[in-house]
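Numbered from 1 within each chain, the chains take letters A, B, ... in sequence-line order.
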Amino acid sequence: MGGKSFFIDTSRCTACRGCQIACKEWHGLPATKTTQVGWGNHQNPKDLNFYTYKLVRFSEHERNGKVVWYFFPDQCRHCLEPPCKDVADGYVKGAIVKDPETGAVIYNLEKLKKVPFDELLDACPYHIPRQDPKTGMVAKCDMCIDRVKAGLLPMCVKTCPTGAMNFGDREEMLALAKKRLAEVKKKFPNAQLLDADSVRVIYLVLDDPKLYHEYAVASKDVGITRKVALKKLFDPMGWLQSLV
Amino acid sequence: MKLTRRDFMKFSGLAAASVALGNLGFDLKPAYAHAQILKIRMAKETTTICPYCAVGCGIICHTDLVTGKVINTEGDPDHPINEGALCAKGAALYQMINNPNRITKPLYRRPYSDKWEEVTWEWALEQIAKRVKETRDKYFIRFNDKGQEVNRVEAIAHVGSAALDNEECWLIQAMMRALGLVYIEHQARI
């Protein structure tokens, strides 16, 4: 397996949004219009967008007459078998590549223009990619691949003041996740790790993941479509090449 | 083609330059879209302190060696207070320098005016000094009701800033006390 992974411990997240801002600063992305009017939430912006790769989602629920407030620093999960890559490979080779060293799933903004965006978004079990309506380009978290290749931490992890964001070798992160899960389980019996075996961004949540975010865990009705599966079948060489 | 010695030097200089550039790791092969060069690879690092709150987190400013402009800011891992971490405000420090909305000239709104106008620093500082002097002279209290000597000014307040360092705070404190101010406050407690 190998490669790199994130471990995001939501039990430590205070929703300071340092990660969200640091991500924007590093990637040099512009601000987007935000509003808290009309939907009663402190979260900003309302959703991921072409210029926002990382978003701390806020959700409030009532539990036994008490308010529970959950924070979910949402981002691309860098799947071990990324369905978006399967879709893109059917149109343009190299539009989405999986970095062999780290396992990061990287989008080529120019090449991805030729891949239908709705198919790409439908394939993503976590509803992550976002398109710029003006240029047709699609973007998402790139694991700060330039930093990671230079031995630095991704910006969101570097900036996290509470230790909620962690990054390192996959084995280390899995071990850390399991250790931390055992600790918090004592107080929160519903605590769980989300899709730890299939993604490189492992979340620890204290409750039902649906209470955190609709797409916190992989939705069952997505994945590769029949069309993509057929393409794979008829183009086995291309598929094999894409694995390299 | 006749090559003069001068031309020869020019050409060899060019060749040397291209070899040097080739060795710097500029990989122009488009094989990997993500093979980006780390933008802070050749930058100069300068440490600074976050100006936004009294915690005083350490920050590294990365400056481009050619343009001299700040190209990145991030937490300083060697700083004992934050150990590399930053909150949302600290992480946004880059915008303090590179920001089209930043105000770089003093603005003045005249009495009863509905708009701000740009003024010079000289004019602004002189006006502030003049008005401080006027107010202080007018409202200076030499003795209180009991006849005790107090030498104070209650008509002016000073609101400090979290962006100030120890020495600046001392200077401000000394100056404000000398004027006789008693309302000296810090923004973090407002």
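Within a 6.0 Å radius of CG in B:D137, other residues, nucleotides and ligands contribute more than 12 heavy atoms. A 6.0 Å sphere centred on CH2 of A:W39 holds more than 12 heavy atoms belonging to other residues, nucleotides or ligands. Other residues, nucleotides and ligands contribute over 12 non-hydrogen atoms within 6.0 Å of the CH2 atom of B:W123. The 12-atom threshold is not exceeded at CD1 of B:I103, counting heavy atoms of other residues, nucleotides or ligands nearer than 6.0 Å. Annotation for B:Y108: atom OH counts as buried by contact number, over 12 foreign heavy atoms lying within 6.0 Å. The neighbour count for B:E126 CD, taken as heavy atoms of other residues, nucleotides or ligands under 6.0 Å away, does not exceed 12.
To the nearest 0.5 Å, atoms CG (B:L93) and CD1 (A:I21) are separated by 12.5 Å.
Contacts from residues 151-162 of chain A to chain B, taken as heavy-atom pairs separated by less than 4.5 Å, involve A:L152, A:M155, A:K158, A:T159, A:C160, A:P161 in sequence order.
The contact between B:N72 and chain A is made entirely by side chain atoms (from C-beta outward), counting heavy-atom distances below 4.5 Å. For A:A150, the part lying under 4.5 angstrom from a heavy atom of chain B is the side chain only. Neither the backbone nor the side chain of B:E83 comes within contact range of chain A, judged by heavy atoms closer than 4.5 Å.
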ask   = Given the rule in the side-chain contact (heavy atoms from CB on, under 4.5 Å) test, do A:W26 and B:T73 qualify, once you have shown the distances and angles that lead to the verdict?
value = CA-CA 8 Å; A:W26 178 256; B:T73 57; over 6 Å; no
Item to complete: Could you please spell out the steps behind the side-chain contact (heavy atoms from CB on, under 4.5 Å) verdict for A:R147 and B:L38?
Response: CA-CA 6 Å; A:R147 290 177 64 87; B:L38 188 73; 3.9 Å; yes
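For A:E183, the salt bridge (charged side-chain N to carboxylate O under 4.0 Å, His left out) partners two or more places apart in sequence, or in a different chain, are A:R180. Remark: A:Y51 engages no residue in a ring-ring contact (aromatic ring centres under 6.0 Å, His included) (not counting sequence neighbours). Applying the side chain to side chain contact (heavy atoms under 4.5 Å, CB included) test to A:Q36 and every residue at least two apart in sequence or in another chain returns A:H42, A:N44.
By the 4.5 Å heavy-atom criterion applied to side chains, B:Q95 and A:E25 are counted as neighbours.
Nearest approach of B:A88 to A:C16, heavy atoms of both residues: CB-O, 3.1 Å.
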